[in-house]
Amino acid sequence: MDSRHPVDVLPDHTADTFADWLRQHPHIGTVCRDRGGAFAEDAERGQPGISQVADRWHLLHNLATGLEKTVTRHRSCLKVSQPDSEQPTAPARTSGEETPYERKIRERHRDVHELFQRGLTIDAISARLGLDRKTVRRYARAATAESLMRERPSRSSALTPHKPYLARRWAEGCDNAQTLRDEIAARGYQGCRKSVRRFLNTLARHNGPQAVPPPPPAVADVVRWIIGRPENQSDQARQDLKDVCGRCQEIAEACRLARGFATILRRRDGHRLGDWLTQADASQVKEIRTFANGLRKDLDAVTAGLTLPLNSGAVEGNVTRIKFLKRQHYGRAGFDLLRRRILLAH
């Protein structure tokens, strides 16, 4: 930790080897380590009562792992719910709106009466308009087109029971007829894709184009918003996290406690850990309670990690370099040469 360089390399990572090495170096006063329980036991065996410091990065990583499980359990809360009033409905006839059937009757009535007033006979009108003589005579006798119109009962189809579902899915942004046909087929629909496509076209004409709702934030993003430094986050990220917490009380509680621990870690306020553990024990978030229980099992090292400036950052940087040397060294010589390269290559 003083030189930022390795001082020795052990042939294996067994407990006995590490404990023996500590006994041979009684001047070692502090062990910086990750959260592995084996390292804690080995250090205690080598030098009982030796000071141990848990690495802050690993503490924050353990917290992030618990938060990820919490957010994943409440993944449905990440999605913004759409108001029911915005859901499109199948087009219905409004007052004063003329249907294609009524328009056809009105146009045919006008054509028949115009030709009849010009002196054409029933046979001539029938030949010109391509209508049956009985149909021409019926139109000629009708004073108004409205008298020819009759109430047509609405026809039901195999798609009718599935129209509310299709309207909801269309509002969510899904406009692929084949995809929707497969979905309602699982619900009992046996019709064709063209019927679904025609209904979607009708929705588009009467409800206008529907914007695709934004996807919910990823679980990893929410975890990063929670444990990240608030001052380094964008306004949009802070607002998105606020919205998520507003929709889920458990995520909001996990956010409050996680940010409290992150503040203790970054400011190295280890003396406040006891109060935080008390709050965590009373929390409804089981992952936070599990994390707190893990801290209690290693309380002295965790408190030291949250108080002292020491950490394992220098070790992690050397591990990356050592792995590179091992790959170069593989199959060329034994442990003694590898140890020399690690200790001498700075």
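Keep in mind that what you see is a predicted model, and the values were worked out from it rather than measured. For the single chain, residues carry numbers from 1 onward in sequence order.
- The aromatic rings of H109 and Y139 lie tilted to each other, with the angle between the two planes from 30° to 60°.
- When atom types are taken as modelled, the side chain of T17 and the backbone of H13 share no donor-acceptor pair closer than 3.5 angstrom.
- Using a distance-only test at 3.5 Å, with no hydrogens or angles considered, no donor-acceptor pair links the side chain of T70 to the main chain of E287.
- Screening residues 236-274 for ring-ring contact (aromatic ring centres under 6.0 Å, His included) gives F261-W276, F261-F291 as the qualifying pairs, with residues at least two apart or on separate chains.
- Inter-residue side-chain proximity for S51 and V31 is flagged as unmet; no heavy-atom pair is nearer than 4.5 Å.
- R33 and D55 are not joined by a salt bridge, as no carboxylate oxygen comes within less than 4.0 angstrom of a charged side-chain nitrogen.
- Judged purely by atom type and a 3.5 angstrom limit, N176 uses its side chain to pair as donor or acceptor with the backbone of T179.
- Rounded to the nearest 0.5 angstrom, L200 CG and R193 CZ are separated by 10.0 Å.
- A heavy-atom distance below 4.5 Å is not found between the side chains of Q249 and Q284.
- Side-chain atoms of E250 and R73, non-hydrogen and from C-beta on, do get closer than 4.5 Å to each other.
- Residues S283 and E253 have side chains that bring a donor and an acceptor to within less than 3.5 angstrom of each other.
- Salt bridge present: R45 and D16 bring a charged side-chain N and a carboxylate O closer than 4.0 Å.
- Nearest heavy atom pair, residue A204 against residue W170, reads CA-CZ2, 3.7 Å.
- Evaluation of the side-chain hydrogen bond (donor to acceptor under 3.5 Å, both in side chains) rule for R128 yields no partner, not counting sequence neighbours.
- The CD atom of Q236 sits 8.5 Å away from atom CG of D243, with the distance rounded to the nearest 0.5 Å.
- Between the side chains of E183 and Y165, at least one donor-acceptor pair of N or O atoms lies under 3.5 Å.
- Side-chain contact, D20 with Q24: no donor N or O sits under 3.5 Å from an acceptor N or O.
- In this structure, the separation between CG on D175 and CZ on R197 is 6.5 Å, given to the nearest 0.5 Å.
- Taking 4.0 Å as the cut-off between side-chain N and carboxylate O, R238 and D235 count as a salt-bridged pair.
- Using a 30° and 60° split on the angle between ring planes, H25 and W21 fall in the parallel class, below 30°.
- Partners of K242 by side-chain contact (heavy atoms from CB on, under 4.5 Å), not counting sequence neighbours, listed by chain and number: Q239.
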